[in-house]
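Note sheet for the following structure.
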Protein chains: 2
Amino acid sequence: MTEQPAQTTTAGDPATARGEQTRQLIRDTAMRLFRERGYAQTTMRAIAQEAGVAVGNAYYYFGSKDHLIQEFYAQSQVEHRAAAQPVLDREEAFGPRLAGVLHAGIDVLTPSHGFAATFFKTAAEPTSPLSPFSAESSGPRQAAIELFGEVLTGSTAKIDAELRPQLPELLWLAYMGVILYWVHDRSPGQTKTRQLIDGAVPLIDRLVALSRLRVLRPVTRQVLDLIRTLRH
Amino acid sequence: MTEQPAQTTTAGDPATARGEQTRQLIRDTAMRLFRERGYAQTTMRAIAQEAGVAVGNAYYYFGSKDHLIQEFYAQSQVEHRAAAQPVLDREEAFGPRLAGVLHAGIDVLTPSHGFAATFFKTAAEPTSPLSPFSAESSGPRQAAIELFGEVLTGSTAKIDAELRPQLPELLWLAYMGVILYWVHDRSPGQTKTRQLIDGAVPLIDRLVALSRLRVLRPVTRQVLDLIRTLRH
DNA sequence: ACCCCTTCTTGAACATGTTCAACAATCGCC
DNA sequence: GGCGATTGTTGAACATGTTCAAGAAGGGGT
């Protein structure tokens, strides 16, 4: 009845731990139900029942309902990376590369807008391991920042030497801002978010170019000093 | 045993609805317990018990536990306004006025950092009436924006005519950013947030001044157009 | 084959936010 | 002062995330 995930035992793929299959089953079931019913409307009991396991078993693999969200993040990050590849291959100028990668991120998230928005709040809690700034999510975060590093690496743009090393993380931060806007975006098809990207990228592009001007050097340095101070 | 809130009937103060007293009692009890135990550790049953009412009674006045947070917001806003008054009376230059108001906001919130951070996540959920962008909180939001309007009104700074009307809301948005940083700030006494304010204000000051330059006019206009587009 | 140890699984029990039908108190009006 | 309508109050019942003691399954050494 349900599209069964490819869970043939895959003898060649060494599922390290015994319960790896169960783990994936629970995860896939949860993802499906989240998409079908939304996050709040999906109970742990429903997940367990649909997956054919006991409730407690889900908690053996995932510390809490919130932890299931992390799976969503990780999955989205991988999809984002894949969706961005064509852009990185095609474009050479900084602006189009950045715009393409940002659009790719929203492309990936769009099918989940309804329910993703509902639970992105969990990410906002500082004490939560789900916060994009938390230690637990440093893996996916590094991968995301790396993606913006590639935006620069392949770009033909000339960038201020002092700004350069900070830029990937700053672009990632901008991406977080875009997502925050997207989450609140109620316009049909989230058109506004697309406009935000298309409007903001030229500004960022110009700003990055301007940062090399001698007259603006002090400002650039002041900004960078502040950022370095704030990141402990 | 508990410090009883001033709940003498206050015959002169016409408590419009009959249950106004009960409402305040529940609210004050909740605020006290939140401060004492934190948000998650304070159960609705505990609030009801300490206030000497039934659980259901709390739900008569506040739609949910989350709605009690709104009281905290409203209260904080009023305190912020009061704490900002001396600064507005004293300072005349734009920079010091802005810095003073931002610091005043953090001053007010500081005693609650421990638990405020825990529940600020609720504010991040777009569907929640607690979101600072939601219709329900438009009252407090307008009041907050108005406060930043006063930062400008009393200021001696010369400001671009086109930017001027948008600026209060932009400054409020910056304040939201400061709060977001504060929430995640783990440095002792949230020193980092203070540094953020002291570092960012001069930049904003300079930026506002620069916006009047003829050469930067196109950029200014581009930014303002984007903002106008995005606010529906 | 046997035994021990780790890994995995179970489902009932618990904690807590929320609802709701019933009841009580108060008010407006005659 | 009496009476219907509005407002306020109650606490048990419900829904759901989470825990945990018990046991099953499997692996490895002898």
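Convention: sequence-line order gives letters A, B, ...; per-chain numbering from 1.
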Tell me which pairs pass salt bridge (charged side-chain N to carboxylate O under 4.0 Å, His left out) where either residue lies in residues 170-180 of chain A, with sequence neighbours left out. none
I'd like to check the side chain to side chain donor-acceptor pair (under 3.5 Å) partners of B/T43; sequence neighbours left out, ordered by chain and number. none
Out of C/dT9, D/dT10, C/dT18, minimum distance to the side chain of A/Y60 belongs to C/dT9
Mind checking the CD1-NZ spacing from A/I197 to A/K192? Nearest 0.5 Å is all I need. 14.5 Å
For A/E150, give me all partners under salt bridge (Lys or Arg N to Asp or Glu O under 4.0 Å), at least two apart in sequence or on another chain. A/R81
Can you give me every donor-acceptor pair (side chain of residues 169-177 of chain A, partner residue at least two apart or in another chain, under 3.5 Å) with its distance?
unit_1 : atom_1 : unit_2 : atom_2 : d
A/E169 : OE1    : A/R231 : NH1    : 2.6
A/E169 : OE2    : A/R231 : NH1    : 3.2

Not counting sequence neighbours, which residues clear side chain to side chain donor-acceptor pair (under 3.5 Å) with A/S112? List them please. A/R35
Writing each nucleotide of DNA chain C 5' to 3' as (, ), [, ], | or . by Watson-Crick or G-U pairing under 3.5 Å yields ||||||||||||||||||||||||||||||
Give each protein N/O atom lying under 3.5 Å from an N/O atom of nucleotides 24-28 of chain C, with the pair distance.
unit_1 : atom_1 : unit_2 : atom_2 : d
C/dT26 : O4'    : B/R18  : NH1    : 3.1

Apply ring-ring contact (aromatic ring centres under 6.0 Å, His included) to B/H113 and list each qualifying residue two or more places apart in sequence or on a separate chain. B/W182
Which listed nucleotide (D/dG17, C/dT18, C/dG11) is nearest to the side chain of A/A54? C/dG11
Would you list the protein and nucleotides 20-23 of chain C atom pairs, both N or O, that sit under 3.5 Å from each other?
none

Applying side chain to side chain donor-acceptor pair (under 3.5 Å), name anything that partners A/T153, two or more places apart in sequence or on another chain. none
Is B/T22 close enough to D/dT9 that one of its side-chain N or O atoms is under 4.0 Å from OP1 or OP2 there? yes
More 5' along DNA chain C: A/V53 or B/K65, using each one's nearest nucleotide? A/V53
Who passes side chain to side chain donor-acceptor pair (under 3.5 Å) against A/R194, sequence neighbours left out? A/H103, A/D107
Residues pairing under salt bridge (charged side-chain N to carboxylate O under 4.0 Å, His left out) where one sits in residues 170-185 of chain A, two or more places apart or in two chains, turn out to be none
Scan A/Y61 against the nucleic acid and name what it touches under 4.0 Å (heavy atoms): base, sugar-phosphate only, or nothing. sugar-phosphate
